[in-house]
Colleague: 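Once you've had a glance at the structure underneath, I'll fire off some questions.
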Protein chains: 2
Amino acid sequence: MARRVGIREVADAAGVSVGTVSHVMNKPHLVSEATRTRVRSVMLELGFVRNDLARQLKMGGGTTLGMIVLNVANPFFADLAHACETAGEQAGHTVVFGSSDQLPEREDRYLDLFEEQRVRGVIIAPLLGTTDRMHRLRERGMPVVLFDIHAESGFCSITMDGRVGGELAAQHLIDIGRSHIAFVGGPLHQVEDRWLGAQGVCARHRGVQLTHIDTPDQTIADGRVAGEMLKAIPAEDRPDAVFAANDLLAIGLLQALMVSRELRVPEDIAIVGYDDIDYAQSAIVPLTTVRQPVDQLAEHAVRLVLDEADNPEHVHEHRGLRPELVVRASTAGNDAAAPAALGTGNHP
Amino acid sequence: MARRVGIREVADAAGVSVGTVSHVMNKPHLVSEATRTRVRSVMLELGFVRNDLARQLKMGGGTTLGMIVLNVANPFFADLAHACETAGEQAGHTVVFGSSDQLPEREDRYLDLFEEQRVRGVIIAPLLGTTDRMHRLRERGMPVVLFDIHAESGFCSITMDGRVGGELAAQHLIDIGRSHIAFVGGPLHQVEDRWLGAQGVCARHRGVQLTHIDTPDQTIADGRVAGEMLKAIPAEDRPDAVFAANDLLAIGLLQALMVSRELRVPEDIAIVGYDDIDYAQSAIVPLTTVRQPVDQLAEHAVRLVLDEADNPEHVHEHRGLRPELVVRASTAGNDAAAPAALGTGNHP
DNA sequence: CGATTCACCTGAAAGGTTTCAATGACGCAA
DNA sequence: TTGCGTCATTGAAACCTTTCAGGTGAATCG
């Protein structure tokens with residue numbers, strides 16, 4: 001059994017030159033029909049598989065995009081990755097993923113890996129802004145697109161407009177008559193814009209108080225901890241509404257609040273989440289949340305990174321996409337928590 | 001700005017040969033300390049980045065594993081992918097992902113891609129058993145490990161023991177006094193073992209009836225549809241328990257059942273899910289479910305694929321891991337649906 | 001009939017690395 | 001002095017493909 005069959009073996013077996021075999025694969029119109037079919041059948045017979053490494057090496061980098069995501073286990077990022085995969089495929093590119101798991105060293109590792117692999121470009125949800133490594137990457141001509149809350153100059157970015165999202169959330173809570181809002185989420189630099197959006201709205205309303213409850217990360221577990229803190233606050237000082245920096249936190253909060261029926265959602269505490277992950281609407285109390293247009297985010301990211309790769313006159317672009325409020329039971333007025341509210345805000 | 005700096009430029013600048021530069025990177029002990037540091041500093045200065053394509057080409061394939069997952073948007077697979085990434089990293093390998101989205105053509109595309117990229121091995125949750133393409137891959141010597149419900153001969157596989165899981169679920173429903181169980185899930189070949197497990201148990205109990213409600217896929221939306229079907233059944237014929245083939249289906253069922261308070265969970269219908277995704281315990285009624293040991297699955301998969309790659313005496317192995325029942329409110333006896341039950345079965 | 005075109009095919013270079021046999025330099029024992 | 005072992009380094013081959021300048025023979029044109 002011939003272990004490795006390359007273009008050369010195929011050429012020999014078909015009685016043509018290697019150049020011709022290559023042409024059969026890449027420029028079939030340059031080859032006569034007779035040889036084309038002959039070569040093709042020899043390939044099949046020998047089980048030839050083109051070596052993409054050599055191909056890319058020769059062609060100076062390939063058709064692969066690298067994507068680094070904060071955490072695949074977070075459904076928002078899973079969806080985003082999935083959307084990028086689809087968008088990339090449509091543009092004829094394959095997207096490979098890495099999850100930084102919020103660890104700077106893993107982020108670095110994937111950046112290095114992608115650069116060594118000579119990917120066409122990198123799409124990254126950075127841990128905390130741009131790092132030296134990213135700047136070096138850019139200097140060496142690698143297209144880099146950020147999913148970030150800040151618009152960093154020198155990079156294309158999709159700034160997920162958390163400010164507007166924060167405003168929507170806070171305004172909604174004020175509209176339903178709440179006056180003491182807790183913003184739950186951290187580290188602050190990662191969610192700063194949502195915080196600022198909420199802050200801006202609250203400042204414009206007399207008698208509305210906003211406090212910040214920090215969390216080390218944005219998982220369900222962190223939400224639970226925050227919920228316990230909330231419960232520990234004496235009733236008179238306790239916020240009557242929570243704006244959680246993402247849905248996972250909100251779900252954790254729900255768990256903590258409901259486990260010991262002391263506090264009711266939304267009667268005692270209304271909750272707004274962020275991202276509209278699939279489970280938001282199926283939570284123990286369906287969650288009011290701020291939806292981000294994931295598909296469009298992905299599409300823009302892919303478009304920008306490819307433009308930067310192809311277009312010599314590329315100019316960096318900062319794109320902000322407007323999020324949208326989805327109201328469900330966790331903030332619904334009177335028949336709150338009623339399963340009847342479940343359907344609200346369903347995806348199409 | 002020198003566009004491309006390769007090993008050759010570094011060699012020239014440092015006044016050594018290319019071989020030496022290579023040694024500095026790969027066999028530092030063969031190089032004197034003086035040259036080693038000199039070469040290293042030149043690399044830094046020139047911004048040299050090793051071209052992994054050439055490296056892998058030369059070395060005949062690299063240190064990358066390919067993984068194909070049914071659907072990243074399903075948190076079970078997201079977790080599994082994540083666990084494989086971690087396990088792979090521990091073994092010094094990078095894992096790149098693709099999501100087949102249940103489409104055979106995408107599965108094929110990724111298989112081709114991985115083979116062309118000369119990955120070290122492939123870990124795959126196949127759409128429906130092994131395909132011709134996978135057999136061809138194997139024939140050409142590519143290690144392939146399946147996450148599957150069947151143990152296919154000729155392949156290593158991690159058979160997620162759905163039979164036992166099905167038994168656990170059905171037995172539990174019978175134990176709490178239910179006598180008409182609906183198995184919700186499909187396509188059947190994908191969930192056959194869970195079905196068979198349940199069937200076996202039901203057959204051993206007099207007076208227990210088991211029906212199958214098919215679904216085209218296993219998403220929340222499919223669960224909703226199944227829930228509507230369930231509601232449409234006249235009360236006297238309606239099952240008093242559901243075993244859903246996964247948690248997403250179960251969550252969809254919950255939504256459908258609760259939206260029009262006609263039926264209560266678990267009083268009228270008890271529900272058991274499968275997978276114990278993070279949201280199962282935060283569902284509108286926390287979900288009894290069958291937990292799969294994701295981390296161990298991943299660890300075994302990586303170990304097997306690498307063994308097949310490295311060890312000439314490798315023998316195929318079929319590993320089955322025992323799942324575990326996690327009881328929550330959706331089947332809890334009297335104070336069912338009580339938020340107090342929320343904590344049950346929490347992950348550590 | 002010679003020249004021009006055309007379609008098809010060839011052979012070799014190039015791309016950046018690793019690896020390996022070979023070389024050079026050096027010290028040391030005989 | 002020669003011979004020998006060590007250590008550091010070298011240069012070229014090999015990995016597999018794509019690309020490109022050119023070559024061949026047949027058909028077409030004047």
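All chains are named by letter (A, B, ...) in the order of the sequence lines, taking the proteins before the strands, and each is independently numbered beginning at 1. These numbers come from the heavy atoms of this one structure, side chains and all, not from hydrogens, waters or symmetry mates.
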Colleague: Hey, which sits more toward the 5' end of DNA chain D by its nearest nucleotide, B/Val31 or A/Met25?
Modeller: B/Val31
Colleague: Just one of A/Gln218, A/Gln190, A/Glu107 clears the side chain to side chain contact (heavy atoms under 4.5 Å, CB included) bar with A/Gln102, so which one?
Modeller: A/Gln190
Colleague: Out of C/dT10, C/dG16, D/dT10, which nucleotide sits closest to the side chain of B/His23?
Modeller: D/dT10
Colleague: Judged by modelled atom types alone, do A/Asp275 and A/Gln292 share a side-chain donor-acceptor pair under 3.5 Å?
Modeller: yes
Colleague: For B/Gln56 and C/dG16, what is the distance between atoms CD and C1' respectively, to the nearest whole Å?
Modeller: 13 Å
Colleague: In whole Å, I'd like the distance from the CZ atom of B/Arg36 to the C1' atom of D/dA8.
Modeller: 12 Å
Colleague: For A/Arg118 and C/dG15, give me the distance from atom CZ to atom P, rounded to whole Å.
Modeller: 14 Å
Colleague: Expressed as a whole number of angstroms, how long is the span from A/Glu9:CD to D/dC16:P?
Modeller: 8 Å
Colleague: Looking for any heavy atom pair under 4.0 Å, which part of the strands does A/Asp52 touch: base, sugar-phosphate only, or nothing?
Modeller: nothing
Colleague: Quick one: A/Lys27 NZ to D/dT19 C1', roughly how many Å, whole number?
Modeller: 7 Å
Colleague: State plainly whether the residues A/Glu115 and A/Arg133 are in salt-bridge range, i.e. N to O under 4.0 Å.
Modeller: no
Colleague: What nucleic acid atoms does A/Ser32 come within less than 4.0 Å of, heavy atoms only: base, sugar-phosphate, or nothing?
Modeller: sugar-phosphate
Colleague: From the list C/dT19, D/dG11, C/dA12, which nucleotide is the closest neighbour of the side chain of A/Val18?
Modeller: C/dA12
Colleague: Does a nitrogen or oxygen in the side chain of B/Thr20 sit under 4.0 Å from OP1 or OP2 of D/dT10?
Modeller: yes
Colleague: Are B/Lys58 and D/dC16 close enough that a side-chain N or O sits under 4.0 Å from OP1 or OP2?
Modeller: no
Colleague: Check every atom of C/dT17, C/dT10, C/dG16 against the side chain of B/Arg50 and return the nucleotide holding the closest atom.
Modeller: C/dT17
Colleague: Name the nucleic acid region contacted by B/Gly6, choosing base, sugar-phosphate or nothing; use a 4.0 angstrom heavy-atom cut-off, strictly under.
Modeller: sugar-phosphate
Colleague: Mind checking the CZ-CE spacing from B/Arg120 to B/Met142? Nearest 0.5 Å is all I need.
Modeller: 11.0 Å
Colleague: How is B/Leu30 classified with respect to the nucleic acid when contacts are heavy atoms under 4.0 Å: base, sugar-phosphate, or nothing?
Modeller: base
Colleague: Starting the side chain at C-beta, find the nucleotide from D/dT18, C/dT18, D/dT17 nearest to A/Met59.
Modeller: D/dT18
Colleague: Take the protein atom CE of A/Met43 and the nucleotide atom P of D/dC16, then report the distance between them rounded to whole Å.
Modeller: 15 Å
Colleague: In whole angstrom, what separates B/Asn26's CG from C/dT19's P?
Modeller: 6 Å
Colleague: How many Å lie between CG on B/Leu53 and P on C/dT17, as a whole number?
Modeller: 10 Å
Colleague: According to a strict under-4.0 Å criterion, is B/Asn51 in side-chain N/O contact with OP1 or OP2 of C/dT17?
Modeller: no
Colleague: For the ring-ring contact (aromatic ring centres under 6.0 Å, His included) test, which of A/His135, A/His314, A/His316 pairs with A/Phe155?
Modeller: A/His135
Colleague: Given D/dC16, D/dT10, C/dT19, identify the nucleotide with an atom nearest to the side chain of B/Ser22.
Modeller: C/dT19
Colleague: Taking it one step at a time, do B/His318 and B/Leu304 satisfy side chain to side chain contact (heavy atoms under 4.5 Å, CB included)?
Modeller: CA-CA 10 Å; B/His318 307 288; B/Leu304 288 180; over 6 Å; no
Colleague: Tell me whether the OP1 or OP2 atom of D/dT9 has a side-chain N or O from B/Thr35 closer than 4.0 Å.
Modeller: yes
Colleague: For D/dC15, take OP1 and OP2 only and decide whether either is under 4.0 Å from a side-chain N or O of B/Arg55.
Modeller: no
